[in-house]
Chemist: 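A single structure is presented below for examination.
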There are 2 protein chains.
Amino acid sequence: MVEKLSPAAREAALASLGGWSYEPAQDAIGRAFKFKDFSEAFAFMARVALLAEKAGHHPDWSNVYNKVSIHLSTHDAGGLSEKDIALANQIDALLV
Amino acid sequence: MVEKLSPAAREAALASLGGWSYEPAQDAIGRAFKFKDFSEAFAFMARVALLAEKAGHHPDWSNVYNKVSIHLSTHDAGGLSEKDIALANQIDALLV
């Protein structure tokens, strides 16, 4: 069972995740990504899909041409959990 | 230059596209798809991505686990065009 992060744990995690914003209404984190074109955006999405499937933890995400918007929260925990922070870190690592 | 469909052409096109709904506010069409799991949903998305890239016409779409929601409209035409109808037909053909 995954537990929802405490406010203190959340603050600490967010401080280490540069580009992600906290979304209080959903107790989620979100980040918008912009690429050169659809081909680059979808290539990124394919890599994120593989990470998500491996983690058994999937994003709520959308795409329009070169833009990808990703939202992470943990349904079973009723909000943000360590799973979201871990996946966000793996996603960010794709772009380094 | 792609032209926006006339109301009559739109009605005729929609009549031939069973699962798609007209979204007047965006002059777009949308359809929701549901799959067994994320793996099936993303496999479908990969196939749609290839169709979209080949057509040079890209969807506004989102995914949560086994659900995929697709919206089509043509930016250059300021609304729904033949390009959207053609892509919607190609997407539907993936599921036959």
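Quick caveat, the model's predicted, so the values are computed rather than measured. Quick note: numbers below take in every heavy atom, side chains included, and nothing from hydrogens, waters or symmetry partners.
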Chemist: So how far is it from A:Phe42 CZ to B:Glu53 CD, rounded to the nearest 0.5 Å?
Modeler: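 CD of B:Glu53 is found 10.5 Å from CZ of A:Phe42.
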Chemist: Same cluster or not: A:Val68 versus A:Leu94, using hydrophobic residues (I, L, V, M, F, W, Y) connected whenever any side-chain heavy atoms lie under 4.5 Å apart?
Modeler: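 Yes.
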Chemist: Does B:Glu3 have more than 12 heavy atoms from other residues, nucleotides or ligands lying within 6.0 Å of its CD?
Modeler: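 Counting other residues, nucleotides and ligands, CD of B:Glu3 stays at 12 neighbours or fewer.
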Chemist: Among B:His75, B:Met45, B:Lys67, which has the most heavy-atom pairs under 4.5 Å with chain A?
Modeler: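 Between B:His75, B:Met45, B:Lys67, the count favours B:Met45.
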Chemist: With clusters defined by side-chain heavy atoms of hydrophobic residues (ILVMFWY) lying less than 4.5 Å apart, directly or transitively, does A:Ile70 cluster with A:Leu17?
Modeler: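 A:Leu17 clusters together with A:Ile70.
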Chemist: Can you get from A:Ile91 to A:Leu14 by hopping between Ile, Leu, Val, Met, Phe, Trp and Tyr side chains that sit under 4.5 Å apart?
Modeler: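 Yes; tracing contacts between hydrophobic side chains, which count when under 4.5 Å, links both residues.
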Chemist: May I ask you to name which of B:Ser39, B:Pro59, B:Ser69, B:Ala49 has the most heavy-atom pairs under 4.5 Å with chain A?
Modeler: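 Max contact count across the listed options: B:Ala49.
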Chemist: Look at the rings of B:His58 and A:Phe38 and say which category their plane angle falls in: under 30° parallel, 30 to 60° tilted, over 60° perpendicular.
Modeler: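 Aromatic pair B:His58/A:Phe38 classed tilted.
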